[in-house]
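Numbers here simply count residues along the sequence, with the first being 1. Please read these numbers as outputs of a predicted model, since none were measured by experiment.
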Amino acid sequence: MTLIKMESRTTHAAPSSSPLLLPDREIPPSIIPGDPVNVNEYFYGRQEHIQYVRDRLLSAVECPSVICIHGMPGMGKTQLAARYRELFAKQYHADIWVEVSTRECAETVLSYLAIKLKLAGASVEAEPGRNAQLMISWLKTTEKPWLLIFDNLVDAQCLRGLWPIGGNGHIIITSRNPYASEYPGSKSLNLPPLSQNESRDLFYKVCGIDRERQHNEEMKELLEEWNGLPLALYHIGSYIRRAHLDIGHFLNLYRQAAARIHQTKFCADRYPHTIATAFSTRELFFNLKTTLAALCYFDPASIPNDLLSSNFDDGQPLIQVETEFEYVRSCPVSFHF
């Protein structure tokens, strides 16, 4: 996701060799821009993990203190960081949220901040990389406490030259990659799944607490199958609530169209992935993995369309239309996005 929408340009990072002239006035935290992720209204649990993050940041001896929250997709890493920010933002002079899925995203946000803060040398005419270095220099030298959240780090190289060494602040990194925690002095939190009790509580909090009395053994088995993944619990709970389904009706639909439900996004939050994209390709059947590996060698224009839309075992179409699930999904009365 791109948090600051600005025109993309080629970036050339230019380290600042001269000391940064800090503003001679206190900068109100309210002018620190950015587009941080909001905490989901159904955020549930994780109190011990929030406390763990807080304790590790406060007890670190390195400057800045760093913690990396990592785990599989859909586990709630970004939401945990957002919840920490919501709880403790007032403890910092400035809190900054930076999307770091690419180098360009990181430099664009930091450049925007440097311009907004009117740091010496920052301008809209300068390359984002140059402005970003000025912002990093400010973080290195200011005595004011700050919180910097690097969200969705894919490749640690994205932060090369964008690390505020010695700064008086706290850094939270979220990443699927456990090796993202290998920054000097960084602590690590491998975010685990929710427990079975937490899974049940969250699921019925999302789909409607009144439906909990319809809970049965089959629904219990499904909750266990989803293995405490908050994304699955939230998306499917949203589907049940928006489609006004009772648990029995949902279970009938799920038997018919589980894969379709996994591939569909039913809520309006900013998380870009469906349940299906959160699951590992390790769960694919062998023949599908082999096919995916082979497709990268094909000329795309020469791949027969029916090959991509058929089941490789029996030749039947993978895409089924006008199932009851498709009908419920398309019903304008049931869905209110």
Say whether I209 and Y44 are linked into one hydrophobic cluster, either directly or through other cluster members, by side-chain heavy-atom distances under 4.5 angstrom.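 They do share one cluster, since a chain of ILVMFWY contacts under 4.5 Å joins I209 to Y44.
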
Taking I240 as the starting point, is it possible to reach L251 by hopping between hydrophobic residues whose side chains are less than 4.5 Å apart?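 In one cluster with L251: I240, yes.
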
Test your reading of the model: is there a side-chain donor-acceptor pair from [X] to the backbone of [Y], 3.5 Å cut-off?
X: K77; Y: L191; answer: no
X: N131; Y: S123; answer: yes
X: N168; Y: E143; answer: yes
X: R103; Y: R160; answer: yes
X: E198; Y: R46; answer: no
X: S65; Y: H170; answer: no
X: Q79; Y: N38; answer: yes

Would you call the rings of W138 and H93 parallel, tilted or perpendicular, taking 30° and 60° as the class edges?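 If you compare the ring of W138 with that of H93, the planes turn out tilted.
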
Does the plane of the ring in Y42 sit parallel, tilted or perpendicular to the ring in Y234? Use 30° and 60° as the thresholds.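 Answer is tilted, since the angle falls between 30° and 60°.
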
If you measure only the distance, is there a donor-acceptor pair under 3.5 Å linking the side chains of Q214 and R211?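 Side chains of Q214 and R211: no pair found under 3.5 Å.
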
Residue pair Y52 / I69, side-chain heavy-atom distance below 4.5 Å: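 SC-SC contact between Y52 and I69 ruled out.
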
W163 side chain reached by F150 side chain, heavy atoms, under 4.5 Å: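 Contact flag for F150/W163 side chains = yes.
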
Are more than 12 heavy atoms from other residues, nucleotides or ligands located less than 6.0 Å from atom CZ of R255?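 Count over threshold, so yes.
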
Would you name the heavy atoms of [X] and [Y] that are closest together and state the gap between them?
X: D246; Y: H249; value: OD1-N, 2.6 Å
X: L233; Y: F203; value: O-CD1, 3.9 Å
X: P164; Y: W146; value: CG-CH2, 3.6 Å
X: P230; Y: M75; value: CG-O, 3.4 Å
X: L162; Y: E107; value: CD1-CG, 4.1 Å
X: R56; Y: I67; value: CB-CD1, 4.1 Å

May I ask you to check whether Y92 and F88 place their ring centers less than 6.0 Å from one another?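 So the answer is no for these two rings.
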
